[in-house]
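Remember, it's a predicted structure, so these values are computed and weren't measured experimentally.
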Amino acid sequence: FALVDKANTLDLAALAQDRTKSQFARLHAIWALGQLGRKADSLARDTLALLLKDSDAVLRGQAAKTFGELRAVRTEPLIPLLKDKDLHVRTLAALAVARHPSGKAVESLLELADQLKADQHYLRHGYSMALAACAEAEELAKQAGSGNVLRKLCCVLALRKQGSKEVEAFLADKSHWVRTEAARAIHDGRSVPDALPALAATLLSAASLPEAFY
């Protein structure tokens with residue numbers, strides 16, 4: 001906040017991009033540019049977009065987060081970061097894409113979901129939020145035929161976020177994990193009343209379904 005009061009956008013943009021300066025100083029310049037970008041400062045916005053390609057992963061991640069918090073920005077510069085070599089950058093980029101949805105991100109998100117590991121909770125959350133914002137419910141429901149558990153799980157979580165009846169497509173999945181999340185999506189929190197009959201029907205068939213968790 002003090003930097004915004006004391007420095008102009010040109011100086012902050014120069015500092016943020018100066019690789020001879022400390023990471024700490026450059027991060028503060030990024031956050032200051034974020035404040036200015038919210039006031040429709042075009043130089044601040046353009047500089048944040050450039051920093052999405054910085055060689056420092058911490059700076060790329062914070063640039064993605066800050067850029068994503070602006071209003072009316074293009075999604076396209078964020079999409080390449082979904083495949084960033086740094087997993088934290090991927091998470092922040094996915095959450096930024098969720099704020100600025102584009103159908104162009106869906107294919108990449110589904111492919112990346114296939115690469116997830118079971119314990120990558122933050123990354124899974126980011127992908128699920130982005131899918132909820134970018135994909136149509138019907139497109140997500142089609143993934144019930146996928147052979148990848150993590151892809152299906154991300155789609156279930158996305159459909160839960162959407163409050164879509166299409167989530168019932170996953171109630172008979174061979175994975176106990178996917179089935180359980182589908183049931184929670186229908187019943188917990190913001191329930192999906194239209195899918196309750198399908199959920200009730202699983203009570204009769206649950207004993208015959210596979211018990212594989214993963």
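The heavy-atom pair separating Ala44 from Leu36 by the smallest distance is CB-CB, 3.9 Å. When all heavy atoms of Glu181 and Leu153 are compared, the closest pair comes out as CG-CD1, 3.4 Å. Counting all heavy atoms, side chain and backbone alike, Leu52 lies closest to Leu81 at O-CD2, 3.4 Å. Residues Ala13 and Thr47 share a closest heavy-atom pair of CB-OG1, 3.4 Å. Scanning all heavy atoms of the two residues, the minimum distance from Ala137 to Glu166 falls at CB-CG, 3.8 Å. When all heavy atoms of Arg45 and Phe67 are compared, the pair lying nearest together is O-CE1, 3.9 Å.
Under the 4.5 Å side-chain heavy-atom criterion for Ile, Leu, Val, Met, Phe, Trp and Tyr, Val58 and Val89 are members of the same hydrophobic cluster. Under the 4.5 Å side-chain heavy-atom criterion for Ile, Leu, Val, Met, Phe, Trp and Tyr, Leu95 and Ile79 are members of distinct hydrophobic clusters. Criterion: ILVMFWY side-chain heavy atoms under 4.5 Å apart, direct or through other members. Under it, Val156 and Tyr122 are not part of a common hydrophobic cluster. Val149 and Leu157 fall within the same hydrophobic cluster, defined by Ile, Leu, Val, Met, Phe, Trp and Tyr side-chain heavy atoms under 4.5 Å apart, directly or through other members. There is no path of hydrophobic side-chain contacts, each under 4.5 Å, that joins Leu48 to Leu43.
Within the 4.5 Å cutoff, the side chain of Leu12 has heavy atoms near those of the Leu3 side chain. By the 4.5 Å heavy-atom criterion applied to side chains, Trp177 and Leu150 are counted as neighbours. Contact of the Glu69 side chain with the Lys65 side chain is registered, since non-hydrogen atoms from C-beta on lie closer than 4.5 Å. Within the 4.5 Å cutoff, the side chain of Leu33 has no heavy atoms near those of the Thr66 side chain. At a threshold of 4.5 Å between non-hydrogen side-chain atoms, the residues Asp41 and Gln35 do not count as touching.
Taken from CZ in Arg124 to OG1 in Thr91, the straight-line distance is 11.5 Å, to the nearest 0.5 Å. Atoms CG and CD1, on Leu15 and Ile30 in that order, are 9.5 Å from each other to the nearest 0.5 Å. For the atom pair CZ (Arg19) and OG (Ser55), the distance works out to 4.0 Å, reported to the nearest 0.5 Å. Here the CD-NZ distance, from Gln23 to Lys21, works out to 15.5 Å after rounding to the nearest 0.5 Å. In this structure, Leu110 CG and Cys154 SG are separated by 8.5 Å, a value rounded to the nearest 0.5 Å.
A salt bridge links Glu111 with Lys83: at least one charged nitrogen is closer than 4.0 Å to a carboxylate oxygen. Classification of Lys142 and Glu138 as a salt-bridged pair fails, no side-chain N sitting under 4.0 Å from a carboxylate O. Salt bridge Asp56/Arg26: absent, no basic N to carboxylate O contact under 4.0 Å. Between Arg60 and Asp86, no side-chain nitrogen of the basic residue sits less than 4.0 Å from a carboxylate oxygen of the acidic one, so the salt-bridge criterion is not met.
When each of Val97, Leu140, Leu159 is paired with Leu131, the side-chain contact (heavy atoms from CB on, under 4.5 Å) condition holds for Leu140 and for no other.
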task = Kindly indicate, with the supporting measurements, whether the criterion side-chain contact (heavy atoms from CB on, under 4.5 Å) is fulfilled by Arg90 and Tyr127.
result = CA-CA 9 Å; Arg90 290 188 189 187; Tyr127 292 164; 3.6 Å; yes
message = Using side-chain contact (heavy atoms from CB on, under 4.5 Å), reason through Lys104 and Thr75 one step at a time and then give a plain yes or no.
response = CA-CA 9 Å; Lys104 295 179 180 179; Thr75 311; over 6 Å; no
ask   = Can you list the steps and then say if Phe170 with Ile186 is a side-chain contact (heavy atoms from CB on, under 4.5 Å)?
value = CA-CA 11 Å; Phe170 296 86; Ile186 293 168; over 6 Å; no
inquiry  = Checking Leu92 against Gln62 for the side-chain contact (heavy atoms from CB on, under 4.5 Å) test, could you report, in this order, the C-alpha distance in whole Å, the side-chain angles of both residues, the deciding distance, and whether it holds?
reply    = CA-CA 8 Å; Leu92 293 172; Gln62 288 303 306; 4.2 Å; yes
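Judged by distance alone, the side chain of Thr202 and the main-chain N or O of Leu199 form a donor-acceptor pair under 3.5 Å. The backbone N or O of Ala135 lies less than 3.5 Å from a partner atom in the side chain of Gln162, making a donor-acceptor pair. Counting only distance, with no hydrogens or angles, the side chain of Arg160 and the backbone of Val192 share no donor-acceptor pair below 3.5 Å. Within the 3.5 Å criterion, the main-chain N or O of Leu70 finds a donor-acceptor partner in the side chain of His100. With Arg151 contributing its side chain and Ala113 its backbone, the two residues share no donor-acceptor pair below 3.5 Å.
The number of heavy atoms from other shown groups lying within 6.0 Å of CD (Glu136) does not exceed 12. The environment of Glu107 atom CD is sparse: at most 12 non-hydrogen atoms of other residues, nucleotides or ligands sit within 6.0 angstrom.
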